[in-house]
Visitor: 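Before I ask anything, here is the structure I am working with.
FYI, side chains are in, hydrogens and waters are out, and symmetry mates aren't considered; it's all heavy atoms of this structure.
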Amino acid sequence: MDTIDYKILQQLEKNAKITTKELAEHVHLSAPAVAERVKKLEDQQVIKGYRTELDLKQLDRGVMAIVLFKSSNCQKLAEFCYNHPDVLACYRVAGEISYIVKVAMSSIEKLEEFIDQAMPYGTPSTNIVLSGRESTIL
């Protein structure tokens, strides 16, 4: 990968719906050259897919929390989280805690229900997100 590939990736992270022509203008290449580079990045699995960013508040899932678990059964906790519809991300980590789980719920009551359901698999420590922003690597 060269600097142009990184510039292409930066633009795609900002707007995955950018046209090849617009992308070409940003990186100062022809549209066919950019299309070829994007295809190569997809073939190499550098670009694994394209996603839609949703406004969770408008989907009645405005209560976001980060739940840290000291797991008593890692496999069962992971299975529970991977199959739960309100889990946005689930990471197994090394250290004092076993899992970091990001959830988006419709209410505090739903968050409490999630915690109650997960407790057989570990001890949770819940942190409600008040505000924030996620950024990308590039």
Visitor: Quick one: side-chain hydrogen bond (donor to acceptor under 3.5 Å, both in side chains) partners of Y82, sequence neighbours excluded?
Guide: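 Y82 satisfies side-chain hydrogen bond (donor to acceptor under 3.5 Å, both in side chains) with no other residue.
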Visitor: For residues V67 and L88: do they belong to one hydrophobic cluster (side chain heavy atoms under 4.5 Å, members Ile, Leu, Val, Met, Phe, Trp, Tyr)?
Guide: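 No; tracing contacts between hydrophobic side chains, which count when under 4.5 Å, never links both residues.
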Visitor: What is the distance from atom CD1 of I128 to atom CE of M105, rounded to the nearest 0.5 Å?
Guide: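 Reported value, rounded in 0.5 Å steps: 10.5 Å.
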Visitor: Show the numbers, then the answer: is there a side chain to side chain contact (heavy atoms under 4.5 Å, CB included) between C74 and R92?
Guide: CA-CA 8 Å; C74 287; R92 185 170 184 184; 3.5 Å; yes
Visitor: Taking all non-hydrogen atoms of both residues into account, name the closest pair between M1 and L9 and its distance.
Guide: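 In terms of heavy atoms, the two residues are closest at CE-CD1, 3.6 Å.
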Visitor: I'd like to check the side-chain contact (heavy atoms from CB on, under 4.5 Å) partners of E36; sequence neighbours left out, ordered by chain and number.
Guide: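 Counting only residues at least two positions away or on another chain, E36 forms no side-chain contact (heavy atoms from CB on, under 4.5 Å).
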Visitor: For E96, does the CD atom have more than 12 heavy-atom neighbours from other residues, nucleotides or ligands under 6.0 Å away?
Guide: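 Not more than 12 within 6.0 Å, no.
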Visitor: Say whether I100 and M119 are linked into one hydrophobic cluster, either directly or through other cluster members, by side-chain heavy-atom distances under 4.5 angstrom.
Guide: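 Cluster IDs for I100 and M119 differ.
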Visitor: Please tell me whether Y50 and E42 have a donor and an acceptor in their side chains that are separated by less than 3.5 angstrom.
Guide: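 Judged by distance alone, the side chains do pair up.
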Visitor: Given the rule that I, L, V, M, F, W and Y join up when any side-chain heavy atoms are under 4.5 Å apart, are V46 and V27 in one cluster?
Guide: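 V46 and V27: one cluster.
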Visitor: Here's a test for you: under side-chain contact (heavy atoms from CB on, under 4.5 Å), which of Q45, K40, K39 qualifies with D43?
Guide: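 Result for side-chain contact (heavy atoms from CB on, under 4.5 Å) with D43: K39.
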Visitor: For K110, which residues count as a salt bridge (Lys or Arg N to Asp or Glu O under 4.0 Å) partner, sequence neighbours excluded?
Guide: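 Salt bridge (Lys or Arg N to Asp or Glu O under 4.0 Å) check on K110 returns nothing, list empty.
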Visitor: Distance from S125 atom OG to F69 atom CZ, nearest 0.5 Å?
Guide: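 The OG atom of S125 sits 9.5 Å away from the CZ atom of F69.
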Visitor: Flag yes if more than 12 heavy atoms outside E112 fall under 6.0 Å of its CD atom; otherwise flag no.
Guide: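 Atom CD in E112 is not packed in, count stays at 12 or less.
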Visitor: When you look at CD of Q44, are more than 12 heavy atoms from neighbouring residues, nucleotides or ligands closer to it than 6.0 Å?
Guide: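 Atom CD in Q44 is packed in, count exceeds 12.
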Visitor: List in chain and number order the residues that pass side-chain contact (heavy atoms from CB on, under 4.5 Å) with S72, two or more places apart in sequence or in another chain; answer none if no residue qualifies.
Guide: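 side-chain contact (heavy atoms from CB on, under 4.5 Å) list for S72, sorted by chain: empty.
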Visitor: Mark yes or no for whether E22, through its side chain, and T19, through its backbone, hold a donor-acceptor pair below 3.5 Å.
Guide: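 The answer is yes, because a donor-acceptor pair under 3.5 Å joins these two groups.
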Visitor: Return each pair, listed once, that meets salt bridge (charged side-chain N to carboxylate O under 4.0 Å, His left out) where at least one residue sits in residues 78-87; pairs must be two or more places apart or across chains.
Guide: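 Listed by first then second residue: R61-D86.
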Visitor: Hey, what do you get for CD1 (I47) to CG (D5), rounding to the nearest 0.5 Å?
Guide: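 One gets 9.0 Å once the value is rounded to the nearest 0.5 Å.
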Visitor: Going hydrophobic residue to hydrophobic residue with side-chain gaps under 4.5 angstrom, can you get from I8 over to Y6?
Guide: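 Same cluster: I8 reaches Y6 through Ile, Leu, Val, Met, Phe, Trp or Tyr contacts under 4.5 Å.
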Visitor: As an exercise, state the distance from CG of L29 to CG of L23, rounded to the nearest 0.5 Å.
Guide: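 That separation rounds to 9.0 Å.
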Visitor: Just how far is it from atom CD1 of I108 to atom CD1 of I115, taken to the nearest 0.5 Å?
Guide: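 Rounded to the nearest 0.5 Å, the CD1-CD1 separation comes to 8.5 Å.
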Visitor: Can you tell me how far the CD1 atom of I66 sits from the CE atom of M64, to the nearest 0.5 Å?
Guide: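 Answer rounded to 0.5 Å: 7.5 Å.
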Visitor: Within the structure provided, determine whether T126 and L111 are in side-chain contact (heavy-atom separation under 4.5 Å).
Guide: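 Yes, at least one pair of side-chain atoms sits under 4.5 Å.
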Visitor: Under a single-linkage definition using a 4.5 Å side-chain heavy-atom cutoff for Ile, Leu, Val, Met, Phe, Trp and Tyr, are V129 and V101 assigned to the same hydrophobic cluster?
Guide: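 No; tracing contacts between hydrophobic side chains, which count when under 4.5 Å, never links both residues.
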Visitor: For A31 versus T20, what's the shortest heavy-atom pair and its separation?
Guide: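 Shortest heavy-atom contact: O-CG2, 3.3 Å.
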Visitor: With a 4.5 Å heavy-atom cut-off, do H26 and V34 have their side chains touching?
Guide: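 SC-SC contact between H26 and V34 ruled out.
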Visitor: For residues 85-128, which residue pairs pass the ring pair (Phe, Tyr, Trp, His ring centres under 6.0 Å) check, not counting sequence neighbours?
Guide: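 As it turns out, the ring pair (Phe, Tyr, Trp, His ring centres under 6.0 Å) pairs with a partner in residues 85-128, which skip direct neighbours, are F80-F114, F80-Y121, H84-F114.
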